Amino acid sequence: MRILFIGDIVGRPGRYLLRDFLPAIKDEYNIDITIANGENAAHGNGLTKKIVDELYSYGIDILTSGNHIWDKKEVLDFIDQEERLIRPANYPDGVPGKGYTSYKLNDNVVFVVNIMGRVFMSPLDCPFKTIDKIIDECKDISNYIIIDFHGEATSEKIAFGYYVDGRVTAVLGTHTHVQTADYKILPGGTAYITDSGMTGPYDSVIGSDKSAIINKFITGMPSKFDVADGNAQLNAVIIETDNCGKAVSIATLNLTASNLEKKYGVDKDEEL
Ligand SMILES: [Fe+2]
Ligand SMILES: [Fe+2]
């Protein structure tokens with residue numbers, strides 16, 4: 001099985017890059033399932049129903065999220081009905097939405113789980129205890145378990161990766177929007193990367209317009225952040241598994257829309 005996991009989609013530049021190039025990428029790498037973190041897809045903040053459907057139409061099978069999932073209030077109107085959209089599983093009981101979902105692929109079931117870190121982030125239930133419970137619920141049905149670990153601290157993500165090594169197919173970090181170079185197969189057969197990166201504006205500060213962020217650092221005053229425009233980038237990882245749910249390889253993709261245009265010869269949309 002070949003899994004494509006796309007790092008946080010930021011705004012229209014990220015969405016339109018996927019619209020223009022995702023079919024060609026899936027075709028080239030023989031992708032069986034495409035998972036993407038969509039927490040910043042609606043102008044950097046959250047998701048609307050329209051954008052969820054738009055992302056599915058581009059070829060994304062499952063959407064994960066993170067701390068920004070609640071930014072658009074309308075998410076509360078549809079999250080409970082969305083089988084293919086998940087939010088971090090370690091929110092307290094009773095919070096809308098679900099922390100993991102399953103996806104049927106030929107004779108296999110693939111579980112996709114979203115977990116959020118607690119270091120330098122809002123306190124939630126323990127990610128380690130939460131994943132133990134979820135693995136217990138899934139393991140009799142399938143060994144294919146893909147985790148999006150949405151966290152800030154590299155140490156917490158790495159510790160989590162080793163904690164579940166051999167029990168899940170992959171632990172793929174999100175949230176920092178910067179792709180890390182530590183992708184590897186852990187000793188027990190779990191694919192791991194601390195952060196998968198961002199699919200959004202290349203010339204930006206983690207997706208936002210540079211000047212507003214620089215101004216905030218200089219003045220210390222709150223400011224409104226807009227999604228940057230210009231050339232977009234794709235950050236993703238591709239995992240290949242054996243027939244038992246263990247990962248056998250992990251590779252990164254890190255390409256700008258200009259690179260993709262040259263590679264696939266697809267016209268870049270004028271709105272990018
Ligand atoms: Fe994000
Ligand atoms: Fe986040």
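All values below come from the heavy atoms of this structure, side chains included, with hydrogens, waters and symmetry mates left out. Every number for a ligand or one of its atoms is a count from 1 in the order of the listing. From a predicted model like this one, the values you see are computed outputs, not experimental measurements.
Phe21 has its side chain out of reach of Leu234: every pair of non-hydrogen atoms, C-beta onward, lies at least 4.5 Å apart.
Note on Asn67: counted as a metal contact of the Fe ion (ligand 2), an N/O/S atom lying under 2.8 Å. At a threshold of 2.8 Å, the Fe ion (ligand 2) has no backbone or side-chain N, O or S atom of His68 nearer than that distance. At a cut-off of 2.8 Å, Asn40 coordinates the Fe ion (ligand 1) through an N, O or S atom.
Under the 6.0 Å distance and 45° angle rule, Arg167 counts as a cation-pi partner of Tyr163.
Our summary of the site lists the angle at the Fe ion (ligand 1) between OD2 of Asp8 and NE2 of His177 as 90°, to the nearest 10 degrees.
Its N, O or S atom nearest to the Fe ion (ligand 2) is what matters here, and for His175 that atom is ND1. In Glu39, the N, O or S atom that comes nearest to the Fe ion (ligand 2) is OE2.
Between Phe111 and Tyr100, the ring planes are perpendicular. Angles over 60° get that label, and only those under 30° would be called parallel.
Listed for the Thr180 side chain is a donor-acceptor partner under 3.5 Å among the backbone atoms of Asp195.
Hydrophobic clustering (side-chain heavy atoms under 4.5 Å, transitive across Ile, Leu, Val, Met, Phe, Trp, Tyr) keeps Ile206 apart from Met116.
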